[in-house]
There are 2 protein chains.
Amino acid sequence: MRWENLDQEPCSLARTLAVVGDRWTLLVLRDCFLGVRRFDAFEKRLGVTRHVLADRLKKLVEHGVLAKVAYQDRPLREEYRLTEKGIELHPAILALVSWGDRHMADERGAPIVHIHKTCGHPMRPVTVCSECGEPVGARDVQVEVGAGWGEQGVLPQRQKLTGGGDNG
Amino acid sequence: MRWENLDQEPCSLARTLAVVGDRWTLLVLRDCFLGVRRFDAFEKRLGVTRHVLADRLKKLVEHGVLAKVAYQDRPLREEYRLTEKGIELHPAILALVSWGDRHMADERGAPIVHIHKTCGHPMRPVTVCSECGEPVGARDVQVEVGAGWGEQGVLPQRQKLTGGGDNG
DNA sequence: CTTGACAAGTTCCAAAAAGAAACTGACTAT
DNA sequence: ATAGTCAGTTTCTTTTTGGAACTTGTCAAG
């Protein structure tokens, strides 16, 4: 399968990865959440080549994750800002960061700390169920075919996840 | 910056992406959560080339996200199972899937539905603060340098995110 | 008027990675 | 003997990336 066809897959993860499933794209978005907006700033902070950066920014704009906004005329200069669609990637990025904090940090601990403004404390993200509000782990969810599935494939026979628990 | 140095960055997202920040790796993990364990099964379901699949599985094993477990001798056959470290990627994958359901689905809706076994309802993941339990959005968090930051860089001047709200 | 700086790219080439498809090795079934 | 299964490896071609220089429009200094 090729990258270009990934957004046709009957899988929301594949479709999401068609937009952000690239080594640089998520780092660009991380910087967007930190307030970076300009081409040069992305380049200096990320160490990505201008070539690739231009391509990734263009794709993010095409997918409506970023918007190009002029901040001066003569010469025309444009910066990149998160759209609402882009801002909604925050939970996903937060979850990836949290995993890295837990499993990839060195002995000094997490490189950056997230302060929850509402309560004022350093926080970790916790994933809960939208219906009952209880925390959700991998073993607490069961997957079923939904309306958008189509006819293309079939779910694999469910196996138990490693480490105990019951997955049907 | 090269892919190989990414896990040295003082950023948990970069370090996480050094492990899973690849177009195929997250799709492999998605299938792991669906119960897929064998080389052939991954290949058939993903449409990835055997070459790349072998490479990604090897890297996931090296990083301790998957474990290789023999399921028969003569001939030796091994399958890949999520470790606890791998299982903890579930919130991140769920968040990416949820974004895709919301922003990349066609008119028929989400391809697959997640049922929360504890309460029995179809669910979306909601990210809440570990300290106060309130939902957390991008505009509710403030980023500060933590103990693991080192001396390598500096946080950018914080800008307001697009679409209202106040980010200090 | 010429030079230099700034910002946001584009162009060019060599190197690395990915795609496609055949090949290997240790078996089992017919 | 022949074919099939499974988990890869090898070979070859195409695509993508990394690195670095070049372009365009404008302002400021000398």
Has Q72(A) got a side-chain atom pairing as donor or acceptor with P75(A)'s backbone, closer than 3.5 angstrom?
yes
Within the side chain of T16(B), is there an N or O that forms a donor-acceptor pair under 3.5 Å with the backbone of S12(B)?
yes
With a non-hydrogen cut-off below 4.0 angstrom, is F42(B) in contact with a base, only sugar-phosphate, or nothing?
nothing
To the nearest 0.5 angstrom, please state how far the CZ atom of R81(B) sits from the CG atom of L66(B).
11.5 Å
Separation of T127(B) OG1 from M123(A) CE (nearest 0.5 Å)
8.0 Å
So, OP1 or OP2 of [N]: does either fall under 4.0 Å of a side-chain N or O from [X]?
X      : N       : value
W24(B) : dG19(C) : yes
R56(A) : dT17(D) : yes
Y71(A) : dA8(C)  : yes

Identify the two heavy atoms, one from R15(B) and one from P10(B), that lie closest to each other, and give their separation to 0.1 Å.
NH2-CA, 3.7 Å
In whole angstrom, give the distance that lies between atom [atom1] of [X] and atom [atom2] of [N].
X      : N       : atom1 : atom2 : value
K58(B) : dA7(D)  : NZ    : C1'   : 14 Å
D55(A) : dA8(C)  : CG    : P     : 18 Å
E43(A) : dA7(C)  : CD    : P     : 12 Å
D40(B) : dG4(D)  : CG    : P     : 15 Å
L53(B) : dG19(C) : CG    : C1'   : 14 Å
Q72(A) : dA7(C)  : CD    : C1'   : 8 Å
D22(B) : dA17(C) : CG    : C1'   : 10 Å
L46(A) : dG18(D) : CG    : C1'   : 15 Å

Enumerate the protein-to-nucleotides 8-11 of chain D contacts in which both atoms are nitrogen or oxygen and the separation is below 3.5 Å.
from: dG8(D); atom 1: OP1; to: K68(B); atom 2: NZ; distance (Å): 3.3
from: dG8(D); atom 1: OP2; to: Y80(B); atom 2: OH; distance (Å): 2.6
from: dG8(D); atom 1: N7; to: R50(B); atom 2: NE; distance (Å): 2.7
from: dG8(D); atom 1: N7; to: R50(B); atom 2: NH2; distance (Å): 2.7
from: dG8(D); atom 1: O6; to: R50(B); atom 2: NE; distance (Å): 3.2

Salt bridge check: are R38(A) and D40(A) linked by an N-O gap of less than 4.0 Å?
no
Lys/Arg-Asp/Glu bridge criterion (N-O < 4.0 Å) met for K58(A), E78(A)
no
Show which side-chain atoms of residues 25-34 of chain A pair as donor or acceptor with protein atoms under 3.5 Å away, not counting sequence neighbours.
from: T25(A); atom 1: OG1; to: D22(A); atom 2: OD2; distance (Å): 3.2
from: D31(A); atom 1: OD1; to: R45(A); atom 2: NE; distance (Å): 3.4
from: D31(A); atom 1: OD1; to: R45(A); atom 2: NH2; distance (Å): 2.8
from: D31(A); atom 1: OD2; to: R45(A); atom 2: NE; distance (Å): 2.9

Looking at T83(A), L82(A), D55(A), V65(A), which one forms a side-chain contact (heavy atoms from CB on, under 4.5 Å) with L60(A)?
V65(A)
Would you mind telling me which of dA8(C), dG19(C), dC6(D) lies closest to the side-chain atoms of T49(B)?
dG19(C)
Between the protein and nucleotides 25-30 of chain C, list the N/O to N/O atom pairs that are separated by less than 3.5 angstrom.
from: dC27(C); atom 1: O3'; to: R74(B); atom 2: O; distance (Å): 3.4

